Structure formats: C-alpha cells, structure tokens
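Remarks on the structure that follows.
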Amino acid sequence: MTNNIESYLVENRFFEPSPSFSKKAYVSSLSQYEELYRRSIEDPETFWAELASELLVWHKKWHTVLEWEEPFAKWFVGGKLNVSENCLDRHLHDGRRNKAALIWEGEPGEKRTITYQQLHREVCKLANVLKRNGAKRGDRIIIYMPMCPEAAIAMLACTRIGAIHSVVFGGFSSEAIKDRIHDCNATIVITADGGYRRGAIVPLKQSVDNALKNNRQVHRVIVFRRANNQIQLEPGRDVWWHEEMEKAAAFCPPESMDAEDPLYILYTSGSTGKPKGVLHTTAGYLLGAAATTKYVFDLRDEDVYWCTADIGWVTGHSYIVYGPLCLGATVVMYEGAPNWPKPDRFWKLIEEHGVTIFYTAPTAIRAFMRWGDKWPNQHNLSSLRLLGSVGEPINPEAWMWYHTVIGNSRCPIVDTWWQTETGAIMLTPLPGATPLKPGTATLPFFGVDAAVVDEQGETVPPNAGGKLVIRKPWPSMVRNIWGDPDRFKKQYWSEIKGNYFTGDGARRDEDGYFWIVGRIDDVLNVAGHRLGTSEIESALVSHPAVAEAAVVGRPDPMKGQAVVAFVTLKEGEPHTKELREALRQHVGEVIGPIAKPDDVRFAEALPKTRSGKIMRRLLKEIAAGGQVTGDTTTLEDLNVLAQLSGNET
Ligand code: PRX
C-alpha cells in the first residue's frame, strides 16, 4: 500500500476522566458512550428524531426524518420551525428570561450584559427594521461586523424573517465582500462604522463602501455605530442602525420555516480558487449545533461559556450563537486581540467573568506558550472546568501546556475535529466518558460514521494512514455549494464513492481514536514514504526551544521531496546552527530518520489565514525557492511572507 500515509508518532500519555466530572456528566462512562453511539449508527433516524423532539421547538412535526439521494440530504422533511424562536422565545418561558445570554467586552474595556429578554427584543426590532427596508424571506443579507452583540443580533434577526445570512469576517478586505455579495446576489449589507483590533480602529464601513462601488444589487446598508470613526452615509442607500431601531416595534412574529429552508451561506476559501459558499439549512444544522454543544461541552445552566472564535467563522456560528443560545447558555463574547493591551487579556476575562468552559484554537494556545506562563499565572483561573480546542491538530506539547498551565491538570480537554462543511463537531471526546490522549480528537460523535480508508474506499488497518471519510449523512451536513451543485459533488462526493471526503488524512489507533495527520494536499512524499505534516510538526514542537512549526515538501531529485521545516522559536531562544542540527536530530529520535528535516529555517512568524491556520501552500512555494504566486487574499499578515522569502538562515 505505498499510496497510504505512514504514521510514526507514538503518544503514550493517557488521562482518564475524573470521577467527580463523570459523576455529573450527561454521558458518564465509555460504555455509556459506546451504547449510545451504537444506537445512533444502527438507527440514526430514530436517534436524531428523539433528539430533535428533545432539543428543538417546532411549529409542525416532520413526516420523514431523512430523505437521502446522494449527495443531497433532506432532514426532518415536512417539519416547520424558526431558529431565532428556538434561541430566544423559548427561554422567555423556561425560567431564563432574565438570565444573561451574552456577556460582552469590547477591546477598549466596555462591558455589557444582555439578558434573553433583552436579546429577544433587540432581535425582534432589527427583524422589523429589515422588513421595513425591504428584506424578504429567502433574500441574502451580508453581515460584516466587529465582534459585538449586534453581530449575533443581526444573524438572529435574519433567521427571524427567513432571510439567509452570509457573515463575512470583519478582517477581510473589500474584495472579499465584493466577491461574496456577487456570488450570493445579496441585496442588504449590515455593518458597523468600525471595530477595535489591537488598539486601532478597523474601518469596516469604508471597506463596504469600496466593495459597493458600481454595485447596483445592494439597495440598503444598515450601519451600527460602534467606534465613532468618521464615515460617509450614502443618501438613499445607507441608514443608521440606531435611528431605524427607534422606529421599530418590539415584537416580530417568527417566520415559520421549512426544516430544509436555507439558513446561511458561509464562504470558505478552500486551498485554491474561488471561495465556496457552504450552504446550511435550518433544522438539521440547529440540531447538530445544539446536540454537540450539550454533550461535548457538557453544558449546564450555571456555566459561563466562552468560545474565542470570530463570528465570521463557522465556529462562531455554531458555538457562539446557534448551539449555546438554543440551549439557553450564558455566552461570553470579546471583541479584540488576545494580547491587548497585554498578553494576559484572555486570562483576565476568564477571571473577571468566572468563565467555566473555554474553547479556543491551537494557534492561540501556541502563541500563549510562546508568550510565557507568567501571563496566565497572574490570574485565578479556578472557575474553569472544561477546555476545548478546534481548527488544527493540537500538538501534544501544546495540549500538555493547555492541560497543566491553563487547566491546572484538572480540566478535561475536548479536542474537537470538524469543518465548515460538517456544521457541527464530528470527532471529539465526551468529557465525562472518554479517556484522553494528547493530540487526538479521539472518537466520533453520535451518528457520525467516520472511517479512514485507502484509495479504493477500504478501511485501513489500525495505525495505517489514509483518507478521513464520513460514510453516512448527518443532520448538520453541508447541503450544497451555493449556485454550484457540480462543484459540490466533485469536491466532496467523488473522491471515495458513496462517502463524504473530508480532505484530511488520518489514522485510527488501536483504541479506535482518530489522529488527524494533516490535509491530504499537504502530504509529503519522501523517498517513497507518504508522511502527514502534523506528526513532524508535533515532533518539532515537543523540543523545548520551539513554539510553532510548519513542515512542507520541496522537490528533490533524489528523494522526490525533501522535508523543509519552518520553525518559530520561544522567546529568547537563539537562531543558531547548533539548534538547527539539534532539531533535526530530535525529529529523527521522536519519529525516525525518514522524517528528519533536510532544511530547518527559523522564522519570526508563520504565514497564517485569518482564522489562524498555517498556510503551507505558500511555504511550499518559498521552500521551492520561488516567488509566492498563489492567492494570498486570506493571509493575515503579508509582512510575514516578505520576511520568510528573504530569510537565508
Ligand atoms: O483540517 C481540519 C482542520 O480544519 C479543517 C476545517 O477547517 P474549517 O472549515 O475552517 O473549520 C474550522 C473549524 C471547525 C479540517 O478539515 N481541523 C479542524 N479541527 C481540527 C482540525 N484538525 C485537527 N484537529 C482538529 N481538532
């Protein structure tokens, strides 16, 4: 099987759930998980129907749980419901009326707490504003906002009237907004004058103005006043949010939506080319978000839950807005950078608000490690009871740091694997049930029939690498690519017949745990061995001098590909030849000689997407000695590339 990915990293550390956590958890043992999982796979329709009745409120019950005509799924056919009603109105009558729904902090330090009743009122009013400004069921509305409660209010107001939102991350340029408006034919944009990031004002309205030059589709721009920066209002097109809200009635009846009506489009850049508009629909998506929030975070009414993602990513959609609010949780939301004004901002927030559940990304965890333990150590983090990670493989060393320094060796870590396309968490520990190993997203969530397969779609043996696929439809799955069903089929459903192909490489260990080894496109081919990127990177990160690493292949006449490692060191570590050699030796010892980097390059920073993922595609071009020619529009900091290209060390 030379075509399969080989895997060498051995991780022996093992953490059983603590009895005190398990005792109170929804799922309190591995055998209970296994029993529920078995039921969910043997009879997914009954399983999901039970959860849909338990977790969602319906106007009308469905007649058919699943209609599946590969690759098109319909869940809860015939059912009717409204997402904003599920997230708000229900809590006005279940004892949560005056509970904090959102606790917000702006980067400059303002604080606001919004109860469920207040949130309901704001959402209703904005829904009325949208209607008065011509929005109808099915219309597409772009949301381009800073991280403030109004971003969530805008999303929920769209769902209230059955409009389809498409949130564009507030750090994206006017080009990105323009492309998205064009692709989904949006007619309204909701934005703000500006937002705060690292002490500066991001001029959001200005970017919208640039995006709308020569645009005749968008007839209304609604502008929330956040940063008080100077902006231009275009007469006849632009209106102030606060002026419109003053005129709006405080109740808006929720539109009764079909279970399969589109809920939102979220663009994901993919590795190349035109952004894909991932389409999610109403009931299945909400059910997936709510069910995973409940079981993965073991969410309780008394929790203070904080997911640090931006609302412009799917994580913000599912785990700031839809999942937690559907369950009536208290959600913390923060506008700015983790290191503003100092690298302890997150820890300060946790201490002040008594955060109990904290969900963040490996890129952030590695940055915190780099900045040093003194920042978290200045704060009392004892309110925390559960930690989460999402977005990339978490290197075992980063996991250990998160566990000991942030979690005080007390909090379980849920390493959650999923994608924009999956809508909700797919591989994850359940914190009261699953024994943890650093670096693995462990086992599939209920109803998720995941497998690691070879080119023919056959399951590979334990510890052999292959392609990660999902074999059965699940409620929150992507329904289509907006306006491009052919691309949808080709991208996800043609690689392995009858399976959803994730694009990731993985292996399953002897306990059935899934280890993500990286994107299939990034797999290296060294002297006939196919190696995933993440194991070599994790080996590098396990060296005490290393903060972060990215590994790519460079064409090599002898080996096919040579291994090139880009490495960011911890603060104060010297960029010496000796260290470079020591790192090569270290990888040789941890993984084996085959994975030893041929070239180790020190870098001040690595090129990342706005959501914090390392852009190995660009590093490949640099490693090959060429100029970067690929698409760099999603790159967070162009300066990083310039530094790397000029880097001779
Ligand atoms: O490669 C996997 C990686 O992120 C990809 C999905 O990215 P996106 O659609 O932007 O969604 C991110 C938030 C869900 C996956 O195909 N990924 C995400 N979570 C993990 C991960 N890789 C390893 N472990 C994870 N926990």
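Counting from 1, the numbers follow the sequence of the chain as shown. Whatever order the structure lists ligands and atoms in, that order sets their numbers, starting from 1. The structure displayed is predicted, hence computed values, not measured ones.
Between R507 and E535 there is a salt bridge, since at least one side-chain N of the basic residue sits less than 4.0 Å from a carboxylate O of the acidic one. Residues K276 and D484 are not paired through a salt bridge, judged by the lack of any N-O separation under 4.0 Å between the basic side chain and the carboxylate. Salt bridge absent: K608 and E392 never bring a charged side-chain N and a carboxylate O closer than 4.0 Å.
Counting only heavy atoms of the protein, atom 7 (O) of ligand 1 lies nearest to K613 NZ, 3.2 Å. Looking only at heavy atoms of the protein, atom 13 (C) of ligand 1 is closest to T315 OG1, 3.4 Å. Among all protein heavy atoms, the one lying closest to atom 9 (O) of ligand 1 is T420 OG1, 2.6 Å. Counting protein heavy atoms only, atom 23 (C) of ligand 1 is closest to P393 N, 3.1 Å. At the shortest separation from atom 6 (C) of ligand 1 among protein heavy atoms lies W418 O, 3.5 Å. For atom 15 (C) of ligand 1, the closest non-hydrogen atom on the protein side is D504 OD2, 3.3 Å. With hydrogens left out, the protein atom closest to atom 19 (N) of ligand 1 is G391 N, 3.1 Å, a heavy atom.
For ligand 1, the polar-atom distance check finds an N/O of D415 within less than 3.5 Å of one of the ligand's N/O atoms. Considering backbone and side-chain N/O of E392, one or more are found under 3.5 Å from N/O of ligand 1.
Each of the atoms 19 (N), 20 (C), 25 (C), 26 (N) of ligand 1 lies under 4.0 Å from some heavy atom of T416. With ligand atoms numbered from 1 in the order given, ligand 1 contributes 13 (C), 14 (C) to contacts under 4.0 Å with heavy atoms of V390.
Partner of W306 under the ring-ring contact (aromatic ring centres under 6.0 Å, His included) criterion, out of F358, Y319, W104, F297: F358 alone. For the side chain to side chain contact (heavy atoms under 4.5 Å, CB included) with I181, the qualifying choice from D183, D179, I177 is I177, the only one to do so.
Ring pair H280/Y285 is tilted by interplanar angle, where 30° to 60° counts as tilted.
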What's the verdict on side chain to side chain donor-acceptor pair (under 3.5 Å) for T416 and Y359, showing C-alpha distance, side-chain angles and the deciding distance?
CA-CA 10 Å; T416 62; Y359 189 32; 2.6 Å; yes
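Between Y500 and W474, the distance separating the two ring centers is shorter than 6.0 angstrom.
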